[in-house]
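Shown next, in structure tokens, is the structure this report addresses.
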Amino acid sequence: FGSTSPVTPEDVTGMSVTITPSATSSKIWLTVSVAYSGSASNDTYFRILKGSTLIAMGDTAGSRDRCWFELPRSNASVMSGVACLTFLDSPATTSATTYKLQVGGTSDSAQMYVNRGITDGDHTGNGRGISTITAMEIGV
């Protein structure tokens, strides 16, 4: 997955999971691990949604985007790493529930890539990572 201008948050291909709780009292243990690479001089971030609702996010503060993880700003042109999240949700439903990862940014020149580097050249030293999203029901 790659985006060169994620100003409007967009879904990350392959990073969604659907689970159907067996009881309304069940909790859902969500685990997300994302191998990323992005432009470190622009604001880019990841966020988690349950359906169309943001979850696992920071507090409201002015016009700041609410997200789960923001790529650290740096004097370097490129940053890469792995962002990990565990979150306990209480969906209070027995209907199928979908959790998904989105990427967003605040600049048309922002770049964010999942499971690859920005240049992604075909040579030794350019690796490909793995990202996962897992939902597990915990009975209460």
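Numbers here simply count residues along the sequence, with the first being 1.
Using a 4.5 Å heavy-atom threshold, the side chains of Leu88 and Ile138 count as touching. For the pair Thr97/Thr20, no side-chain contact is recorded, criterion being any heavy-atom separation below 4.5 Å from C-beta on. Phe46 is not listed as a side-chain neighbour of Val32, based on a closest heavy-atom distance of 4.5 Å or more. Residues Val17 and Leu30 meet the side-chain proximity criterion, which asks for heavy atoms closer than 4.5 Å.
Heavy-atom neighbours of Ile130 CD1 from other residues, nucleotides or ligands within 6.0 Å: at or below the threshold of 12.
By the side chain to side chain donor-acceptor pair (under 3.5 Å) test, Ser33 pairs with no residue at all, sequence neighbours left out. Considering only residues two or more places apart in sequence or on other chains, Ser131 meets the side chain to side chain donor-acceptor pair (under 3.5 Å) condition with Asn115. Under the side chain to side chain donor-acceptor pair (under 3.5 Å) criterion, Ser22 pairs with Glu137, not counting sequence neighbours. Residues passing the side chain to side chain donor-acceptor pair (under 3.5 Å) test with Thr18, sequence neighbours excluded: Thr98.
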Please report the C-alpha distance between Ile48 and Phe87 in whole Å, then the side-chain angles of each, then the deciding distance to 0.1 Å, and finally whether the side chain to side chain contact (heavy atoms under 4.5 Å, CB included) criterion is met. CA-CA 10 Å; Ile48 303 292; Phe87 183 74; over 6 Å; no
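Checked against Val34 for a side chain to side chain contact (heavy atoms under 4.5 Å, CB included), the options Val114, Leu85, Ile133, Val12 give a single hit: Val114.
Sorted by first and then second residue, the salt bridge (Lys or Arg N to Asp or Glu O under 4.0 Å) pairs involving residues 87-96 (not counting sequence neighbours) are Lys50-Asp89. Pairs of residues two or more places apart, or lying in two chains, never qualify as salt bridge (Lys or Arg N to Asp or Glu O under 4.0 Å) while including a residue from residues 20-37.
Of the inter-residue distances, the one linking Arg47 atom CZ with Ile55 atom CD1 reads 12.0 Å to the nearest 0.5 angstrom.
The two atoms that bring Ser26 and Pro91 nearest to each other are O-CD, 3.8 Å, heavy atoms only. Across every non-hydrogen atom of Ser16 and Lys100, the tightest pair is CB-CB, 3.8 Å.
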